[in-house]
Engineer: 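Structure in C-alpha cells, see below.
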Number of protein chains: 2
Amino acid sequence: MIRRTPQQPRERGIPDATVARLPLYLRALNGLAERAVATVSSEDLAVAAGVNSAKLRKDLSHLGSYGTRGVGYDVQYLIYQISRELGLTQDWAVAIVGVGNLGRALANYGGFVSRGFRVAGLLDADPEVVGDHIAGLVVEHSDELESVIAKRGVSIVVIATPATAAQAVCDRVIASGVTSILNFAPVVLTVPAGVDVRKVDLSIELQILAFHEQRKVNGGPVMGEEWAGEVS
Amino acid sequence: MIRRTPQQPRERGIPDATVARLPLYLRALNGLAERAVATVSSEDLAVAAGVNSAKLRKDLSHLGSYGTRGVGYDVQYLIYQISRELGLTQDWAVAIVGVGNLGRALANYGGFVSRGFRVAGLLDADPEVVGDHIAGLVVEHSDELESVIAKRGVSIVVIATPATAAQAVCDRVIASGVTSILNFAPVVLTVPAGVDVRKVDLSIELQILAFHEQRKVNGGPVMGEEWAGEVS
DNA sequence: TCGACTTTGTGCATCACTTCACAAAGGCAC
DNA sequence: GTGCCTTTGTGAAGTGATGCACAAAGTCGA
Ligand SMILES: NC(=O)c1ccc[n+]([C@@H]2O[C@H](COP(=O)([O-])OP(=O)(O)OC[C@H]3O[C@@H](n4cnc5c(N)ncnc54)[C@H](O)[C@@H]3O)[C@@H](O)[C@H]2O)c1
Ligand SMILES: NC(=O)c1ccc[n+]([C@@H]2O[C@H](COP(=O)([O-])OP(=O)(O)OC[C@H]3O[C@@H](n4cnc5c(N)ncnc54)[C@H](O)[C@@H]3O)[C@@H](O)[C@H]2O)c1
C-alpha cells in the first residue's frame, strides 16, 4: 500500500506483524491490571500473550523505550501507550451491514464496546428485519446507508451480508468516504488504494485445520492412489 | 511444531502461507466452475483470488504439476486436487461448545456443510439452553462433551464459550483426543505440542483497522502532547 | 557509595515468504 | 511436420520477520 522512500527509515512506521500483535499484548496487560499487577517483565508478559520474549521486546521498542531495565514495564503506562498507538483512546463509530445470524451476534457482543468501538448503526435490506430492536438499536433500511454513515460519523463498517451483496455494499460504503472495512462475506472485495479491508473467514480456518488434521491421521492426503489419475 | 532435518527438503511439506491460501483458490475456482469455465490461466485465477500470479503458480507447484503450458489449469481437476490436499474429500465432524450468540450463528451457517464440515454436536453448560433445537440438532449438556466426541467421531472442536471457560473446555477436549481447535474466545489457549489451535478474534481485527484509520486521519497517534508524560 | 544482579533494547545471523524474470513446455495454426 | 505464441514452473534475488545473544542501563541491598 503506502510506499515510502528507502531514504527515511520508515518515519514512525510500525511493522504490520507488530501491529497485529499489539492487541494481544493489550489483552494480556488488561488481565494483569485486573489482578492489580503493577509491573511486568518482558518474559512474563510474553508468556501471557503466547509469544517469544525477544519478539515482544522488539515489538514494544517500535513504540518507544517504555521499559525500565532491571524491573520491566509499568502495566498501566504500557496499557496507555499501546492504546494510544492503536487509536483506542478515542472511540470509533461502527456500522454493521447485514443483520442476519452473524450480524445479530456481533451487535449483541459486548466485547467491542469495551474497547472503544461503539455500534452506531445496524442496516439490512430485508423489510422483515428493518425495525427490529437489537442491543438497544433499531435496524434501519440499507437505503439509509449513506446518510447513517454521514450523520453518525461512522468510520468503520462491518459487512455481514451474503457474499453476493458484499461488493455492492462495499462500493457504496467507500463512496461515502469510509476507508476501513471488516468483511465476513466469503468474497474477495475489490477496493481502491487507500482503503483497508480485513477479512474473517471461518470456513478458511476450518479448512486449514482439516489440512493439518489429515496430515496427522494419514501423513498426507488420500494415500494409495495418489498421482494415479492422469488428467485424461 | 514439526521440525524436519535440513537434509530432506521437507518431504511433501507445503509452506503454511501456501496452505492458508489454498481455500482462497478453491473458492475462486468454484466460482469459475459455476460459470462453466473449463480452464483458467494463473493470471486470471490470481485476479479472482486477489493474489499475485507468480505466488499462485508457486503455491500450486507445491501440490504437483497440474497445469498445461500455453493453456492454464483445468478448473475441475484443480478443484479436485486442492480439495484432496486440504482433506475435503472426506467429511469432518465438528462440535460447537458454547451455544450463545456466536455459537448459534455458527450452527445455523450453511457455509460449513457445503465444504465437508458437518456439525455433529452442540454443547452448552446452561440448563436453559440445553434441549434447544438449532439447525436440526438438540443442544446437549457440556457434561456429555467426552461421550459426544467419542460417539460421533468429532475431530474438530469450535470453542464459543466465554473467555473464562475456554481453557477448561480446551483441556477436556484435548483429553478426549481432539487435536484441532478453532477458538473464538479472547484468550491464549495453552495446549500440548501436536495440537493445532487457530483463533478468530474480531476485536483484534477492529483494533488493527483502528490503528490504520488513525494514521489516515492524523498521520499518527494523538499528536501534540506525544511523549509528554514521564512515567512519574 | 558501590557492586552484584536483573532486564531491557538491539545488532546480527537466519529463516520464510514474495516477486521477478525467463527458459522450457506444450498447443495450435497453417 | 514446423514454427510461433502462450503460459507454466522455478532459479535467484529481494524483503521482511524472527530469535539469539549480549552490552548497556538501571535497581536494590549492604
Ligand atoms: N453465520 C456464520 O457463522 C457465518 C460464518 C462464516 C461466514 N459467514 C458469512 O457472513 C455473512 C452473513 O452470514 P449470516 O449467517 O448472518 O447470513 P444471513 O443470511 O443470516 O444474514 C444476511 C443478512 O444480510 C441481509 N442483506 C442481504 N442483502 C443485503 C444488502 N444488500 N444490504 C444490507 N443487508 C443485506 C439479509 O437481509 C440478511 O438479514 C455471509 O456472507 C456468510 O457467508 C457467516
Ligand atoms: N458474539 C460475537 O460477535 C463475538 C465476537 C468476538 C468474540 N466473541 C467471543 O466468543 C465467545 C462467545 O460469545 P457469545 O457472544 O456467543 O457469548 P454468549 O455469552 O452469548 O454465549 C456463551 C455460551 O457459552 C455457554 N457456556 C459457558 N460456559 C460453558 C462451558 N463451560 N461449557 C459449555 N458452554 C458454556 C453459555 O451458557 C453461553 O450459552 C466469547 O468468548 C466472546 O468473547 C464473540
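Everything quoted here is computed from the prediction, not taken from an experiment.
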Engineer: Take the protein atom CD1 of A:Ile14 and the nucleotide atom P of D:dA17, then report the distance between them rounded to whole Å.
Structural biologist: 12 Å
Engineer: Which pairs, protein N/O on one side and nucleotides 28-30 of chain D N/O on the other, fall under 3.5 Å?
Structural biologist:
none

Engineer: Find the distance B:Leu63:CG to D:dT10:C1' and express it as a whole number of Å.
Structural biologist: 15 Å
Engineer: How many whole angstroms separate atom OH of B:Tyr25 from atom P of D:dT8?
Structural biologist: 13 Å
Engineer: Within the structure provided, determine whether A:Tyr25 and A:Asp59 are in side-chain contact (heavy-atom separation under 4.5 Å).
Structural biologist: yes
Engineer: What's the CG-C1' distance between B:Leu56 and C:dT19, to the nearest Å?
Structural biologist: 13 Å
Engineer: Under 4.5 Å between any side-chain heavy atoms of B:Arg215 and B:Phe211, yes or no?
Structural biologist: yes
Engineer: In whole angstrom, give the distance that lies between atom CZ of A:Arg21 and atom P of D:dG16.
Structural biologist: 15 Å
Engineer: Donor-acceptor pairs under 3.5 angstrom involving side-chain atoms of residues 156-172 of chain B: please list them, not counting sequence neighbours.
Structural biologist:
| unit_1 | atom_1 | unit_2 | atom_2 | d |
| --- | --- | --- | --- | --- |
| B:Gln167 | OE1 | B:Thr190 | N | 2.9 |
| B:Gln167 | NE2 | B:Asp171 | OD1 | 2.8 |
| B:Gln167 | NE2 | B:Thr190 | O | 3.0 |
| B:Arg172 | NE | B:Glu146 | OE2 | 2.9 |
| B:Arg172 | NH2 | B:Ser142 | O | 2.8 |
| B:Arg172 | NH2 | B:Glu146 | OE1 | 3.0 |

Engineer: Please identify each residue that fulfils side-chain contact (heavy atoms from CB on, under 4.5 Å) with B:Arg69, with sequence neighbours left out.
Structural biologist: none
Engineer: What is the separation between atom CG on B:Leu60 and atom P on D:dT8, rounded to the nearest whole Å?
Structural biologist: 9 Å
Engineer: Any side-chain N or O of A:Ser41 below 4.0 angstrom from OP1/OP2 of C:dT7?
Structural biologist: no
Engineer: For a 4.5 angstrom cut-off between non-hydrogen side-chain atoms, does A:Gln207 reach B:Leu26?
Structural biologist: yes
Engineer: Taking atom types as modelled and ignoring hydrogens, do the side chains of B:Glu213 and A:Ser180 form a donor-acceptor contact shorter than 3.5 angstrom?
Structural biologist: yes
Engineer: Which comes earlier along DNA chain D counting from the 5' end, the contact point of A:Asp59 or that of A:Gly70, where each point is its nearest nucleotide?
Structural biologist: A:Asp59
Engineer: Sequence neighbours excluded, which residues qualify as ring pair (Phe, Tyr, Trp, His ring centres under 6.0 Å) partners of B:Tyr109?
Structural biologist: B:Phe112
Engineer: Does B:Tyr73 make a side-chain N or O approach to OP1 or OP2 of D:dG9 shorter than 4.0 Å?
Structural biologist: yes
Engineer: Has A:Ser65 got a side-chain N or O lying under 4.0 Å from the OP1 or OP2 atom of C:dG9?
Structural biologist: yes
Engineer: Among the nucleotides D:dG9, C:dT7, D:dA17, which one has an atom lying closest to any side-chain atom of A:Asp16?
Structural biologist: D:dA17
Engineer: Protein-nucleotides 19-23 of chain D N/O pairs closer than 3.5 Å?
Structural biologist:
| unit_1 | atom_1 | unit_2 | atom_2 | d |
| --- | --- | --- | --- | --- |
| D:dG19 | OP2 | A:Lys55 | NZ | 3.4 |
| D:dG19 | O6 | A:Lys58 | NZ | 2.5 |
| D:dA21 | N6 | A:Arg57 | NH2 | 3.3 |

Engineer: Could you state the atom-to-atom distance from NE2 of A:His62 to P of C:dT8 in whole Å?
Structural biologist: 17 Å
Engineer: Does some side-chain heavy atom of A:Glu85 sit less than 4.5 Å from a side-chain heavy atom of A:Val19?
Structural biologist: no
Engineer: Would you say B:Thr68 places a side-chain N or O within less than 4.0 Å of OP1 or OP2 belonging to C:dG26?
Structural biologist: no
Engineer: By the salt bridge (Lys or Arg N to Asp or Glu O under 4.0 Å) test, which pairs, at least two apart or in different chains, include something from residues 29-58 of chain A?
Structural biologist: none
